[in-house]
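Below, read A as the first sequence line, B as the second, and so on, with proteins coming before strands; counting in each chain starts at 1. Values reported hereafter were calculated over all heavy atoms of this structure, with side chains retained and with hydrogens, waters and symmetry mates removed. As the structure is a computational prediction, the values presented were derived from the model and not from experiment.
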Protein chains: 2
Amino acid sequence: MKLTDTAHMYNVQQKILVAVDCIIFGFDTQNLKLLLFKRKVDPFKGDWSLIGAFVKGNLSINDAAKQILFETTGLKDIYLDELKTYSDYNRDPGDRVISIAHYSLISINDFDIEKVEEFDAKWFNLDEIPDLVLDHNQMVKDAVNRLRKKVKHQPIGFNLLPEYFTLPKLQRLYESIYQRELDSRNFRKKILSQNILIKTDKKDKSESKKGAFLYCFDKDKFDILKTKGYNFDI
Amino acid sequence: MKLTDTAHMYNVQQKILVAVDCIIFGFDTQNLKLLLFKRKVDPFKGDWSLIGAFVKGNLSINDAAKQILFETTGLKDIYLDELKTYSDYNRDPGDRVISIAHYSLISINDFDIEKVEEFDAKWFNLDEIPDLVLDHNQMVKDAVNRLRKKVKHQPIGFNLLPEYFTLPKLQRLYESIYQRELDSRNFRKKILSQNILIKTDKKDKSESKKGAFLYCFDKDKFDILKTKGYNFDI
DNA sequence: CGGATATACGTAATATTTACGTTATTTTGT
DNA sequence: ACAAAATAACGTAAATATTACGTATATCCG
């Protein structure tokens, strides 16, 4: 029977298990990290895994992803973006399951440590990701690539930092995502020329004797600029 | 019950109808077009719609999309890319259905007219898209936005043209996607500077008395350049 | 053969990116 | 008290890319 045959539509269609898996990125002031979990169900119970769940009830996929993030990190209003669908027929030996992977960016500071421990979770550096269940390593790879492309043209990197941050920290964030060093003088020039940061008169002295001024992202300004055709680029 | 509860995993999970919908782009030498179909099932039977089908059997989502495209256009090896998932609980009054939208780029020339007619399909200009069923208008909007961003940095526009094409045609293609006019002298300079086009000694005289040289995309060259860190940009 | 039309090639001004030099602030050690 | 050390902050020139145009060429048609 062809997919486009119309004889029995809706009545006898095949229903499928739908899951959501979340690639959770964090930044610990030096390196980009990934939050991984010990899988709680068979098959592969106890192995490292992305956090995920089956979609049920009347939640949209996106809402299901949000709920998973809240349940495992205690955070709401997290940056969340759909990555792609993983649907190879045999990707999960437990059953035919398609998974719609999402990635999210969180500020490690805001983070609910207790929740994380309750869920047997651990932060991993990107170059130390262990073998993960199913096709989760591929998901991570795809998510990192997506993040690399996206942070350049969308001001989403700020979600990985606390509300107030220094320019050297912002630079270090981009370096850890791009995996290459940037020239601090040019970085500073480029980011400041976009006029989407608000400079405060406070300094963070945790990284140097001189201290670096704290800035915050000016979302309102960015939204206005965006309507005028401005494109973020760093 | 929480999504992440593990008491009954796999056994009593909720299965969901999964569909694929395809946004099919074409280019008729002047304008970007969309292939739309008359819906063949209730609800909304007879209304304009994207082509789609439920996912069944052991096909991956991507393979299901490919098969739909083959059945409706007679074309194989079409450029196809996942757009995003549409999953509002009430998006389809027929049942709870999530749809994973894909967009594809085809060369109208290669096209099997009989197939299209068999499926009650019609090409529409982008500014003349009728009301579509369900959330299909939103899918189209999202697909157009995605295409606009993607053609700038990936050499995918060539999929909308015949194998051999003139530079003015390529420019017209980009103009119809970006919806703004480009300077032909700068366009030519920029595309040729990337060394991914092969110039032939043949001319197409259908658009002018002088005729314009035919070029084709050098995929092998592009793949080599890509490994060297080159990024397409137009 | 001259005008019309679209194609093809060229150049100067402007803007952006890159590479690197210099100054400033503060702590620490002598 | 002051020099050394470390990071942050500011600046400038060269190289590269983009933009805005001017001009030449091939062909058809009247």
Side-chain angles (χ1 to χ4, degrees), chain A residues 29-31 148-149 151-153 155 161-162 164-176 178-216 225 228-234, chain B residues 29-31 151-153 155 161-162 164-176 178-216 225 228-234:
Chain A
T29 79
Q30 285 306 315
N31 292 296
R148 280 198 184 123
K149 281 188 185 167
V151 288
K152 181 160 178 59
H153 297 290
L161 296 172
Y164 294 94
F165 51 85
T166 66
L167 294 190
K169 273 281 169 294
L170 184 63
Q171 179 182 342
R172 182 72 204 108
L173 170 64
Y174 275 92
E175 288 177 333
S176 72
Y178 292 155
Q179 292 283 18
R180 73 186 166 88
E181 296 201 346
L182 303 173
D183 182 283
S184 64
R185 296 154 292 191
N186 293 335
F187 179 82
R188 174 181 300 268
K189 219 183 315 177
K190 194 164 182 184
I191 190 77
L192 290 180
S193 73
Q194 312 206 27
N195 293 309
I196 47 149
L197 295 185
I198 298 171
K199 186 179 183 175
T200 71
D201 55 2
K202 294 192 174 46
K203 280 191 166 186
D204 169 25
K205 297 201 173 182
S206 65
E207 297 287 321
S208 76
K209 301 150 188 171
K210 180 178 177 180
F213 282 106
L214 288 165
Y215 290 78
C216 69
L225 288 173
K228 294 177 182 170
Y230 156 82
N231 286 306
F232 181 80
D233 180 51
I234 194 71
Chain B
T29 79
Q30 286 305 314
N31 292 296
V151 287
K152 181 161 177 57
H153 297 289
L161 296 172
Y164 293 93
F165 51 85
T166 66
L167 294 190
K169 272 282 171 290
L170 184 62
Q171 180 181 343
R172 182 72 205 107
L173 170 66
Y174 275 92
E175 288 177 331
S176 71
Y178 293 154
Q179 292 282 19
R180 73 187 166 89
E181 296 202 342
L182 303 173
D183 182 283
S184 64
R185 294 154 293 190
N186 293 337
F187 179 83
R188 172 182 300 269
K189 218 184 312 176
K190 195 164 181 184
I191 191 77
L192 289 179
S193 73
Q194 311 208 26
N195 294 309
I196 47 151
L197 295 186
I198 298 171
K199 185 177 182 175
T200 72
D201 56 2
K202 293 194 173 46
K203 280 190 167 186
D204 168 26
K205 297 200 174 183
S206 63
E207 298 286 321
S208 75
K209 299 149 188 172
K210 181 178 178 181
F213 282 107
L214 287 165
Y215 290 78
C216 70
L225 287 173
K228 294 179 181 169
Y230 155 82
N231 286 307
F232 180 78
D233 179 50
I234 193 72

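With rounding to whole Å, Ile191(A) atom CD1 is found 16 Å from dA9(D) atom C1'. Nucleotide dT7(D) holds its C1' atom 13 Å from the CZ atom of Phe213(A), rounded to whole Å. The distance from atom NZ of Lys190(A) to atom P of dT18(C) is 6 Å, rounded to the nearest whole Å. The distance between atom NZ of Lys169(B) and atom P of dA8(C), rounded to the nearest whole Å, is 12 Å. Rounded to whole Å, atom C1' of dG11(D) lies 14 Å from atom CG of Leu192(A). The separation between Glu181(B) atom CD and dA6(C) atom C1' is 15 Å, rounded to whole Å. At whole-Å resolution of the value, CD in Glu207(A) and P in dT25(C) are 21 Å apart. One interatomic measurement links the two molecules: CG of Asp183(A) to P of dG11(D), which rounds to 16 Å at whole-angstrom precision.
Base engagement by Lys189(A) is indicated by at least one non-hydrogen atom pair under 4.0 Å involving a base atom.
With hydrogens and angles ignored, a donor-acceptor pair under 3.5 angstrom links the side chain of Lys210(B) to the base of dT7(C). Remark: the Arg185(A) side chain and the dG21(C) base include a donor-acceptor N/O pair separated by less than 3.5 Å.
For the pair Lys209(B) and dA4(C), the criterion of a side-chain N or O lying under 4.0 Å from OP1 or OP2 is not met.
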**Request:** Show your working on side chain to side chain contact (heavy atoms under 4.5 Å, CB included) between Leu197(B) and Leu167(B) and close with a plain yes or no.
**Result:** CA-CA 10 Å; Leu197(B) 295 186; Leu167(B) 294 190; 3.7 Å; yes

**Request:** Report the C-alpha distance between Arg172(B) and Glu175(B) in whole Å, list the side-chain angles of each, state the deciding distance to 0.1 Å, and finish with yes or no for side chain to side chain contact (heavy atoms under 4.5 Å, CB included).
**Result:** CA-CA 5 Å; Arg172(B) 182 72 205 107; Glu175(B) 288 177 331; 3.3 Å; yes

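Across every non-hydrogen atom of Leu161(B) and Leu170(B), the tightest pair is CD1-CD1, 3.6 Å.
Among the nucleotides dA6(C), dT18(C), dA20(D), the one closest to the side chain of Asn186(A) is dT18(C).
A salt bridge is absent between Lys169(B) and Asp204(B); no separation between the charged side-chain nitrogens and carboxylate oxygens falls under 4.0 Å.
More than 12 heavy atoms of other residues, nucleotides or ligands lie within 6.0 Å of CD in Gln30(B), so this atom counts as buried by the packing criterion.
Nearest-nucleotide positions on DNA chain C for Lys203(A) and Leu167(B) put Leu167(B) closer to the 5' end.
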